[in-house]
Amino acid sequence: MGKVKAICISEVRGVQKHCVDSAVFREAWGIEGDAHGGNWHRQVSLLSLEKIESFREKGAEVSFGDFGENLVAEGFDFRKMPVGTLLRCGDVLLELTQIGKECHSHCAIYKAAGDCIMPREGVFARVLHGGKIKTGDEMYIEERTQKRKYQAAVITLSDKGSKGEREDKSGPLLKERLAREGYEVVEYLLLPDEKAPLKKELIRLADQRQLDLILTTGGTGFSSRDTTPEATLEIADRNAPGIAEAIRSYSMKITPHAMLSRGASVIRGKTLIINLPGSPKACGESLDCILGSLPHGLDLLRGEASECARK
């Protein structure tokens, strides 16, 4: 159990937020009157009072809202909460969607104090149920009564596709198939065949958004530009080779060229990352091979299933 200590909004992006006594939270939008509301996953930002006070103890003079946070609450270490955590405050129900963020340009606080806690301590949420929150209201973690959908991202690697010179058909196919299987596809990216951008996005999606599954398509062949497996392996915590091996074995029954696929399958944190071939046909065949077994593996990563052995 915690308590809301401050509510902060800004009518324009890029300016310091100011405190208000109360605010109306709109479902699937955010806070009325706050410029960061919208149909996206970062509708409301939260920061722990204890983290702000610790920052103040270092000599920094900061007010509520200076870090860009919407809600300041005491009694919680938001940074340690997993994505998907439900927070209840009266009628308002929030679901955490991202932990921390990337700092693209240092804010005024960083320039003055040499540090800013929002990128590493701040969290973001979407509004599942609207209502009004007042300063001093109690907040608590609400237990989930239904299983949360698997959250996934699809990344297409294609030099021509990223330049708009070729239509991406594999990425949309993967999105459609996953959606039909009940997955929530929260991001779709089209990147050039380069290691650095792919590594950056894989790390962000696994660490900040904490997705269950990331599927990549393209960049798994013998071309000098095909570096998807290398980028994937370089950010991995653990290898999960059986999935990639199963895809190649399954595909060999269709075409001997399947032996030329170098796709990898790995785990980062609690996120499973699987490289698929670039062609739509091969992507569909790969999904035919793995979709039936993925839920058990994803449940194990979530800690919602136990290991099982055949008898």
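What you see is a predicted model; the values in this text were computed from it and never measured.
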State, to 0.1 Å, how close Leu291 and Pro295 come at their nearest heavy-atom pair, and which atoms those are.
O-CD, 3.2 Å
Is there a donor-acceptor pair under 3.5 Å between the side chain of His129 and the backbone N or O of Asp91?
yes
dist Leu157:CG -> Lys195:NZ (nearest 0.5 Å) comes out at 12.5 Å
Grouping I, L, V, M, F, W and Y whenever their side-chain heavy atoms are under 4.5 Å apart, do Leu211 and Ile203 come out in a common cluster?
yes
Donor-acceptor contact present, side-chain Ser63 to main-chain Asp66, <3.5 Å
no
Does this structure show an ion pair linking Arg204 with Glu187, if we count only N-O contacts that are shorter than 4.0 Å?
yes
Take atom NZ in Lys163; do more than 12 heavy atoms of anything else shown fall under 6.0 Å from it?
no
Can you tell me how far apart CZ (Arg79) and CD (Glu121) are? Round to the nearest 0.5 Å.
7.0 Å
Under the criterion side chain to side chain contact (heavy atoms under 4.5 Å, CB included), I'd like the reasoning laid out for Lys132 against Val92: C-alpha separation, chi angles, the key distance, then a yes or no.
CA-CA 7 Å; Lys132 188 175 183 178; Val92 178; over 6 Å; no
Are Thr216 and Asn275 close enough that a side-chain donor and a side-chain acceptor fall under 3.5 Å?
yes
Minimal non-hydrogen separation, Ser265 against Ala244, with atom names
OG-N, 3.1 Å
Parallel, tilted or perpendicular: ring planes of Tyr150 versus Tyr183, cut at 30 and 60 degrees
tilted
Just by modelled atom types, is the Ile247 backbone N or O under 3.5 Å from a matching donor or acceptor in the Ser251 side chain?
yes
Show the nearest heavy-atom pair for residues Lys134 and Ser22, with the distance to one decimal.
CG-CB, 3.8 Å
Phe67 with Val123, same ILVMFWY side-chain cluster at under 4.5 Å
no
Can you list the steps and then say if Leu191 with Ile155 is a side chain to side chain contact (heavy atoms under 4.5 Å, CB included)?
CA-CA 7 Å; Leu191 303 177; Ile155 303 177; 3.7 Å; yes
Could you tell me which non-hydrogen atom of Glu201 sits nearest to which non-hydrogen atom of Leu189, and how far apart they are?
OE1-CD1, 3.6 Å
Does CE in Met252 sit with more than 12 non-hydrogen atoms of other residues, nucleotides or ligands closer than 6.0 Å?
yes
Is there a donor-acceptor contact under 3.5 Å from the side chain of Thr85 to the main chain of Met81?
no
Would you give the length of the straight line joining atom OG1 of Thr271 to atom CD of Gln210, rounded to the nearest 0.5 angstrom?
7.5 Å
Without swapping roles, check the side chain of Thr255 against the backbone of His257 for a donor-acceptor pair under 3.5 Å.
yes
Any chain of hydrophobic side-chain contacts (each under 4.5 Å) joining Leu174 to Leu272?
yes
Looking at Phe64, is Arg56 sitting on its ring face, NZ or CZ under 6.0 Å from the six-membered ring centre and within 45 degrees of the normal?
yes
Tell me whether the count of non-hydrogen atoms from other residues, nucleotides or ligands lying under 6.0 Å of CZ in Arg13 goes above 12.
yes
Verify side chain to side chain contact (heavy atoms under 4.5 Å, CB included) between Asn39 and Trp29, making sure each step is shown before the conclusion.
CA-CA 6 Å; Asn39 184 25; Trp29 177 263; 5.5 Å; no
Quick one: NZ on Lys270 to CG on Leu301, what's the gap to the nearest 0.5 Å?
8.5 Å
May I ask you to say whether Glu234 pairs ionically with Arg268, meaning some side-chain N is under 4.0 Å from a carboxylate O?
no
Could you check whether any side-chain N or O of Ser162 sits under 3.5 Å from a backbone N or O of Asp159, counting only pairs where one atom can act as donor and the other as acceptor?
yes
Looking at CD of Glu142 and CG of Leu94, how far apart are the two atoms once the value is rounded to the nearest 0.5 Å?
10.5 Å
Taking atom types as modelled, is there a side-chain donor on Ser10 or Lys17 under 3.5 Å from an acceptor on the other?
yes
Return yes if a side-chain donor-acceptor contact under 3.5 Å exists between His36 and Gln43, otherwise no.
no
Do Arg42 and Phe124 meet the cation-pi criteria used here (NZ or CZ under 6.0 Å from the six-membered ring centre, within 45° of the axis)?
yes
Are Ile141 and Phe76 packed together at the side-chain level, in the sense that at least one heavy-atom pair is separated by less than 4.5 angstrom?
yes
Do the charged groups of Asp299 and Arg302 touch, with an N to O distance under 4.0 Å?
no
Can we say Asp226 and Arg262 salt-bridge, meaning some charged N sits less than 4.0 Å from an Asp/Glu carboxylate O?
no
I would like to know whether Leu215 and Leu178 meet side chain to side chain contact (heavy atoms under 4.5 Å, CB included); could you show each step before the answer?
CA-CA 10 Å; Leu215 297 182; Leu178 288 175; 3.8 Å; yes
Would you find more than 12 non-hydrogen atoms of other residues, nucleotides or ligands less than 6.0 Å from Glu165 atom CD?
yes
Student check: side-chain heavy atoms of Val72 and Val4 closer than 4.5 Å:
no
Minimum heavy-atom distance Ser158-Asp193, with the two atoms named:
CA-OD2, 3.7 Å
Any side-chain to backbone donor/acceptor pair from Thr220 onto Ser261? Under 3.5 Å, distance only.
no
Answer with yes or no whether the side chains of Ser45 and Asn70 bring together a donor and an acceptor at under 3.5 Å.
yes
State whether Arg126 and Glu95 are salt-bridged, where the test is any N-O pair (Lys NZ or Arg NE/NH1/NH2 against Asp/Glu carboxylate O) under 4.0 Å.
yes
With no hydrogens and no angle check, is any side-chain donor or acceptor of Glu176 less than 3.5 Å from a backbone partner on Pro172?
no
Do Ile214 and Val154 have side-chain heavy atoms sitting under 4.5 Å apart?
no
List the steps and the verdict of salt bridge (charged side-chain N to carboxylate O under 4.0 Å, His left out) for Arg148 and Glu184.
CA-CA 10 Å; Arg148 184 167 63 100; Glu184 182 182 2; over 6 Å; no
Tightest non-hydrogen contact, residues Leu276 and Cys283, listed as CB-SG, 4.3 Å
Check: Thr232 and Glu230 side chains under 4.5 Å, non-hydrogen atoms:
no
So does Cys89 get a backbone contact from the side chain of Asp137, meaning a donor-acceptor N/O pair under 3.5 Å?
no
Could you tell me whether Glu181 and Arg177 make a salt bridge, using a distance below 4.0 angstrom between a side-chain N and a carboxylate O?
no
Just wondering, are more than 12 heavy atoms of other shown residues or ligands nearer than 6.0 Å to CZ in Arg166?
no
Transitively linked via ILVMFWY side-chain contacts under 4.5 Å: Leu47 with Ile99?
no
Assigning hydrophobic clusters by single linkage (Ile, Leu, Val, Met, Phe, Trp, Tyr; side-chain heavy-atom cutoff under 4.5 Å), is Leu93 placed with Leu71?
no
I need the Leu173 CG to Ser170 OG distance, nearest 0.5 Å.
7.0 Å
Do Val44 and Val127 make a side-chain contact, defined as non-hydrogen atoms from C-beta onward lying under 4.5 Å apart?
yes
Are Arg88 and Glu138 close enough that some pair of their side-chain heavy atoms sits under 4.5 Å apart?
no
Under a 4.5 Å cut-off applied to non-hydrogen side-chain atoms, are Leu205 and Val186 in contact?
no
Other residues, nucleotides, ligands: >12 heavy atoms within 6.0 Å of Asp21 CG
no
Beyond-backbone contact of Ile274 with Leu294, side-chain heavy atoms, under 4.5 angstrom
yes
Just by modelled atom types, is the Ile290 backbone N or O under 3.5 Å from a matching donor or acceptor in the Ser293 side chain?
no
